[in-house]
Amino acid sequence: MDESSGIIKEIKKKVQELRSRGFNLYPSGFRRDITVEEVLNRFGKMDNNALKEITDTFTLAGRVMSIRDFGKAVFIHIKDGTGKLQAYIRKDRVGDDDFAIFKFIDIGDHVGLTGQLFRTKTDELTILASSVVLLTKVQSPLPEKYHGLIDVETRYRQRYLDLIVNDNVRHTFILRSRIIQTIREFFDKENFIEVETPMMQSIPGGATARPFKTYHHTLGMDLYLRVAPELYLKRLVIGGLEKIYELNRNFRNEGISTNHNPEFTMLEFYVAYATYEDLMDLTEKLFLYLLKKLFGQLTIEYQGNTVNFTTPWPRISLMDALKDIGGIGENVLLDNKALIDLARSKGLEIQDNEGIGSVLARLFEHTVEPKLIQPTFVVDYPIEVSPLSRRKDENSEIAERFELFIAGKEIVNGFSELNDPDDQRERFLKQASLRDSGDEEALFMDEDYLRALEYGLPPTAGEGIGIDRLVMILTDSPSIRDVILFPQMRKK
RNA sequence: GGGCCGUUAGCUCAGUCCGGUAGAGCAGCGGACUUUUAAUCCGUUGGUCGCGCGUUCGAUUCGCGCACGGCCCA
């Protein structure tokens, strides 16, 4: 314990000194009667003459963020959950004893203050303390006030420090909360109900992704953390819950990058008696609601690009996107061997038994996706990469499916649901054979889900929205770790 | 999995190319100061230079390996 650095030793010395004087460094029961934000709202525009009329005293609490010591008087800034306010503590106001104790204060300590408001010479609204109490003593120093905390590793591992020191981080997570709240509000208004389905599943399903595996001791069975709630939500539609959504965590045992965290937040929603085209309309409506409510405008800046959400958004087929945006010639698109050669020449690893639908999808990811800055729906995905989607009536190799791209990122995946149990069984079988040949992302055969489909899933459309990526775009954050409070890190 | 970069005081960073056991600012500590706000002024403490091995008389510096992190690629 005593191997701590000099600065920590100094603080611990103060702690000992104060304790030996019988001081409680962690008292309970202090109550504030106003927050910084309320002070600023009520008195932020008053000049000193107006403030003199206010004879009330106020009691605030907050963390000490800076100290300017003048001997017999001290200026500090305190910060509470709503803002920052200066306090002026004078020996002749708080008394010799309290002032002597106050001299032990460190940056980072929580204090309670009572006093009246005034403006300083430099016109800053300030509370002139008539009493000061220590509410919580820090025993570790805060990062420096001016440069803040920059080291990204420390910011993620000790997010509390990041939040204390970096106001923009705090704003990002407050905005994240408001985004999620507004999404729920939208779906409530649209008469959806929110449901919760299992995170621990005996057969993981709903997305082609490698799952995390765990074990239930009492039941004596393997369980998987869900990669998607999809198959359970469709069971509920079968059960007659016609408009539902779930907004919660998914887990995928895959790499970590600026766009991927092993656990991430997903919104999925389902509408009975609707098609994927209806969902594209609903998605536009949702985004307009979010943008207007949160920003009061339809354009935002993301990493130097202006993104304009004005509807309608273009709807372009995957093949057209490859041709017009990816710059791939029509003759190549229609020639399987040429496509595979092209993909390999771009550095993609294509297995010999890989289907052409998969090659197309991966070429799309590589050549088109990063270029889709403005909101764009891409439609008509190959059936091969859409094992839960309904086939188009006019082309059985194409799915009634869309994805939405914004700022070069896949944000949304939606489709008309496959509700033919026989077709679904065939798709599962195809996935199972992929799994047998080593594809750990392929879907598991799910007899229980097939049984549910036998009872009749009405024509239904469903959609998933990656909430973390959406929050990235709406908060202008370059990495998913900037919008997840505690991103996954290696053990140190 | 591969490539590149980083890891030095509590924080933010120099120094390392060209080897001789380290500096600054802030923070801290002591002192002065009752309207400052990156307060100011005087003085001052603080380091297993990420870890290990190697080369060398001598390694924070050079080499190799490892750990953690970042960016890019797969």
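All chains are named by letter (A, B, ...) in the order of the sequence lines, taking the proteins before the strands, and each is independently numbered beginning at 1. No experiment lies behind these values; they were computed from the predicted model shown.
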Does [N] have a Watson-Crick or wobble mate here (both distances under 3.5 Å), and if so which one?
{"N": "B:C18", "result": "none"}
{"N": "B:C68", "result": "B:G6"}
{"N": "B:G47", "result": "none"}
{"N": "B:C11", "result": "B:G25"}
{"N": "B:A32", "result": "B:U40"}
{"N": "B:C62", "result": "B:G54"}

> Which word best sums up how the rings of A:Tyr381 and A:Phe364 line up, parallel for under 30°, tilted for 30 to 60°, or perpendicular for over 60°?
Replying inline: perpendicular
>> Which residues pass the side chain to side chain contact (heavy atoms under 4.5 Å, CB included) test with A:Ser177, not counting sequence neighbours?
In response: none
> Do A:Phe75 and the base of B:U36 stack face to face, with centres under 5.5 Å apart and an angle between planes under 30°?
Replying inline: yes
>> If I pick the C1' atom on B:G54 and the same atom on B:G47, what distance separates them, to the nearest angstrom?
In response: 25 Å
> When rounded to the nearest Å, what value does the distance between C1' atoms of B:A14 and B:G58 take?
Replying inline: 24 Å
> Has the side chain of A:Asp92 got a donor or acceptor that lies under 3.5 Å from a partner of the other kind on the base of B:U34?
Replying inline: yes
> Counting only distance, no hydrogens or angles, is the base of B:U45 paired donor-acceptor with the side chain of A:Glu10 under 3.5 Å?
Replying inline: no
> Could you give the CD1-to-P distance, from A:Ile127 to B:U35, as a whole number of Å?
Replying inline: 19 Å
